[in-house]
Amino acid sequence: MGTSRRDFVKLLTSSGIALSVSRLALAEQPDFAAREILPGRQAWNPAATGAGRIDGVAKVTGSKLYASDFRAADLPGWPAKTSHAMLIRATDAMHIYDGIDLSRLSGALKPSVVVTAEDLARIGTRVPEFFAGDLFCPLRKTPLYLGQPIALLIFEDFDVFDQARFALRDATIVKYGEETGAITRPPYAAFRFTRVAGATPEAPDVYSPFKNGWVSPGKFKDTGHPIWERLPLPTGQEYAEAAGYGEDIRAELAADNPARLVLERQFETQSVDPMFLEPESALAWYEPGRKSLELVVGVQSPYDTAESVAFLLGAAEAAHKPARINMQFAYMGGGFGGRDHTPFPLYVALAGMFFPGRPVRLANNRYEQFQSGIKRHAVSMHTRMGVDRATGKIFAFAADHVLHAGGLSNFSPHVATVGAVAALGVYYAPKVDVTTVSLPSRAVTAGSMRGYGTLQPMTALEVLVDEMCTALPLDPIEFRRRNALKPGERRMTGNTYSVSIRTPEILDKLEQHSIWRDRAAEKARGREAGILVGTGVACVTKNYGTGADCSLAAVEIDPQGRIAIRFDETEIGNAVGTAVANRVANYLGGVADEIALAQTEAFTPLALVRSGDPHTIDQKTQDTAARNPRWVPETFSATAASTGAHVGTHAAAEAARVIFRFGLWPTALELWRIAPNDPRAAQWQAARWKDGQLTAPSLPPLALADIAARAHTRNGITGAMAHSFNRWAWSQADFKIDGQNWTAEIDALALRRGAGKFVRLDRANVKFPPTTLNQSGPTYTAQCGTLVRVEIDRGTGALRIAKGYSVLECGNALVPQVVIGQAQGGFAMGVGQALLETLPLYEDGPGNGKWTLGQYVVARGSDLPLRDLEIEVLPPVDADERPKGIGEVVMIPVVAALVNAIFDATGHRFRALPVTQAMIKGVLT
Amino acid sequence: MKSEPRTKTTVLTFTALLATLISIHAASGAAADMLATPESFAAIADTAARSAALFTEAGKVLTHPRCMNCHPAGDRPRQGDVQRLHQPPVARGEDGFGLPAMRCQICHQAANFEPAGVPGNPAWHLAPHEMGWEGKTLAQICEQIKDPARNGGRSLEDIVHHVGEDHLVGWAWAPGGDRTPAPGTQAQAGALLDAWVKTGAVCPN
Amino acid sequence: MTTLTVTINGRSYGPTEVRDELTMNDYLREYLGLTGTKFGCGAAQCLSCAVIVDNPDGSSYTSPTCIVPATSFNGKSIRTVEGHAKNGELTVLQKAFIEHFAFQCGYCTAGFLNEGQVLLDRLARKRVPRADLEKTIAEALDGHLCRCAGYAKYHEAVRDVILADPQRYLL
């Protein structure tokens, strides 16, 4: 431990708790880290030849990988026995909570420990602001939301735990008192996004969020609800200006003008569950002697989770405040956003602290997962689109979004903004006005889920566009073509995208596909056969990146040429480990065989420090802070927002480039006996790897292993560690390496020579992305279009998806088979969202603890056109195009395409999801 | 409840009171979860009408979700009191015992398994197509039950035995989980059908 | 309480006294630490908990473990995902799943492997016409939920294993 580590540690925990990794003593069985570093040197690496994923072998052999796989006995150094905890949750949020009656758990079934709100208050826990709201409902208060925890029960023995949960299953053990009605709270957030374009495309906008700043409305004093109107208040002038333009836009849309067609429609989407197959679970063990809390969790946001737990316990009284917290992060059985910033880890940490000396497992069964897991927001959208009849072009667009956010705020404010600025989808309009408000309720908390607020408005939009095309009339592809946002055109936030826009090519592909071309003929053929046939299309764009993303990686090459990568991303199924291995292989000629994900502690040599909030920091503060050569706006970010490809692999790629340029290349020159002043010495960019050999024009190929061996013996650079920050552009800095200047899109760098330690380099001329970009909203985006053909039985309303086609673009695909797999999985999830999945919000919904699969129906193979689902990935615009994140976009157009297909088949336009068989049957009779 | 019987009950013993209440209740339509005794139909003088009324009472069992769920019109069972299509989606297969990869008895054990809330019986399977009752009126079900071509070649005696004593049928009265049992008891259902047969096995309209 | 003896991947476990309410899933995961068999729903809806049961006559079938008492496996012989590979050598189906990129998060994979293997064993005992192959695969796998990958590559992997050895599996 040196100064740098202590600074880092202090930085991580203002709560005074050391966050660290203590390497568990290697016992006969592998420790957690060894299990999670894949594929491992002794194992077959399918990724080495592109034949599979790095985690392929582990997953097909049932190796312990997921948080739910581990028990104390699997972890060297832990006591052997695992105890088990369960949460008792409120199923009533309209009455006072009046205590729990555990008399059913008497004698042998008695829990060893019961933890309630009063215990938390006694020991002095703090709820992190992100999770604001009582962790347990205090006695004599009305529960905040359905499913709010009331008590944590810990059982020493599994058998007692198992019998207890069965005994409690149908029992009413929570007592409720007087009726109070649900707790009402003001909205979590409200925003307005307004843009008025200038007279010409080149002219500056008259008004836009990017130009003028983001605004929020004022609030009514008593309810806290937003006042959308423009009011002549001395304060709130910024909002008033936006509202003024917004009201003008709406007046224009409302005006009667035969040259224009304005459609105004309401669209409702439902609450759904991410339904990742592995319910949330975790292990905790508090060792009171060393005051160390050990945790094993599976989360998409490891660093934030560690910080949250540290904050939770940071001011607790001595017996319940650990001196150190060691968190280990596992692979996850699915995530989809639903494992990003959930309160679950807080409860397992509490379980550990209240059962000192004994490892405790907290694991949701599927009822509990439905009851407490983060949901996708149900959204009510009121949308107006105005089109000039002669040109078919959108002249104005307005929308009002109401997000049903549930019991805790979680990501709702951010989801609301991302959804609002996505409301116009792939299109351009010179006048746009979108309001959004996120409303609390007693429903289960909604937060991050695949699409992050954009699926709902883009579904409403693509259905509205379909209706507009019928009404005008105008060919649906032609309408989209005329209105598609062009490169360089400003979005509704007033900024431009900084990456390629491929909408025209996507539209061409959709138009040329047989599903589209044959739609009339297929419809007629269906008529003869007595079935209703319909075809639907949709085209969307989804941002990737959050505007404050980080990439951290350490890449090393050993004397045998074997490559190891440690980086900060977590694996939810998106194959980010394989992607990073492939991207690094571009520079180093070999696919890594040791990839450690979810590393929060591996980067201490960089000695990063951070301050402020990267989303809100002002330029002056950022510039001042940046003078500290170790300061960055943010150290870690979560695995979310489709960041795996673009963000997650960036630092590793940069580290690999440095290793090549300053480690392997000079070594190769030595082996080729090329002098430094030889012109060929500067040709490192012309070199290529082929089958593990470095080739350069007119030079004999060199094997990676030989170069690596020599690099070690000459004490050359054999490892690099880098950090970079992205606010719609990467940070950039200069580094002096072996006497040469190296400019790269990173803001921190450490190098290793031979078998030595990583040593930090000072940076010069660091340029962080300007803070004005915080007002732009996303500038990274990827498009996807979908066609579906449906066949509907007239008598029963049963719908069969006969054919599907999705075409997408993702820049350079790092693992092409995974891109296709993601698109197939996204199609299945889109089918569920459109046709099958729904959750009531309140007492009939999953908050009552009675929901599991069976009531909740997700798509099976038989629901999908498995042999008739075509996925096409456009090639990158050029060989250098960066990868784009597509994990979310591939789901989104499927939903509207199905709704549009149902209209085409039945003549009925549904404006609420899901569209079930019963509903279709209802409109056919 | 009529006022007249109440004046009578004041002089009756508890058991007699109960019997009287039940019989009076039956005559005016027993509660949904109970079955009237055959005797309570004695008041219906016309034998054919009485026979049909007996079958109608037994029909409360036949049309109850516990029975209807496994007497579907198609190939898929239903489940629960809400009678939704069975999830996971299973189908009768060739023999009514499921498709090769999803045989009924793999999930449905010999007895109810309460920790999982899954019903069970050693003979768990779907009634054959020809015994599908879904979507049929009680009159149609009655004709179907009487028809040897559609009732598995059973005589009327066999029917009485099947409903009144068969082990799988008996599950309907002890279904476990949160499933509502069939009305009355299996013995009462058998008794009603026995009386129905003895009065000419007349089907209701 | 009942005495339970069961053979798992060729090795005998027990006799162990277990509660009659203990599920087979908990027996595998909590008692034996064999966590390759997963827990997804507890309602036989997803079959990530399915194991292979080998009958004495050489036939086999998959069974969920989440809704079935451990005691009902007494005396039976089962295979879990941990038992497919022998001496580090992956089965043809395991390799096919990897090479087809059939899974993503992998949580459903054990169930699909078991189901696929049972299907292969069943077809080897009673072959089907080529024309019926896709339908046979679809029926066999439909009980298994996958939330990440959309099923297509699982089906292709199983199909390609069969098509690579048509004499064994097809008429």
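Please read all numbers here as calculations on a predicted model, not as lab measurements. Lettering follows sequence order; numbering is per chain, from 1. Below, all heavy atoms of this structure are taken into account, side chains as well, without hydrogens, waters or symmetry copies.
- The shortest heavy-atom contact between B:Cys107 and C:Ala44 is SG-CB, 3.9 Å.
- Enclosure of atom CG in C:Asp57 by more than 12 non-hydrogen atoms of other residues, nucleotides or ligands within 6.0 angstrom is indicated.
- Looking at every heavy atom in both residues, C:Asp20 comes nearest to B:Phe113 through O-CE1, 3.7 Å.
- C:Ser63 and B:Ile106 get closest at one heavy-atom pair: CA-CG2, 3.6 Å.
- Environment of CD in C:Glu17: crowded, with over 12 heavy atoms of neighbouring residues, nucleotides or ligands closer than 6.0 Å.
- In this structure, B:Asp178 places its CG atom where only 12 or fewer heavy-atom neighbours from other residues, nucleotides or ligands lie under 6.0 Å away.
- Interface remark: C:Leu119 contributes no atoms to any contact with chain B (heavy atom separation under 4.5 Å).
- Interface residue B:Gln87: backbone and side-chain heavy atoms are both found under 4.5 Å from chain C.
- In this structure C:His100 satisfies the ring-ring contact (aromatic ring centres under 6.0 Å, His included) test with no other residue, sequence neighbours excluded.
- Interface summary for chain C: among B:Met102, B:Gln109, B:Glu114, B:His108, the most heavy-atom pairs under 4.5 angstrom belong to B:Gln109.
- Contacts of C:Glu21 with chain B are made by both backbone and side-chain atoms, with heavy-atom separations under 4.5 Å.
- The two residues C:Asp142 and B:Pro89 make their nearest non-hydrogen contact at OD2-CG, 4.2 Å.
- The contact list for residues 64-82 of chain C toward chain B, using heavy atoms and a distance under 4.5 Å, reads C:Pro64, C:Cys66, C:Ile67, C:Val68, C:Pro69, C:Ser72 by residue number.
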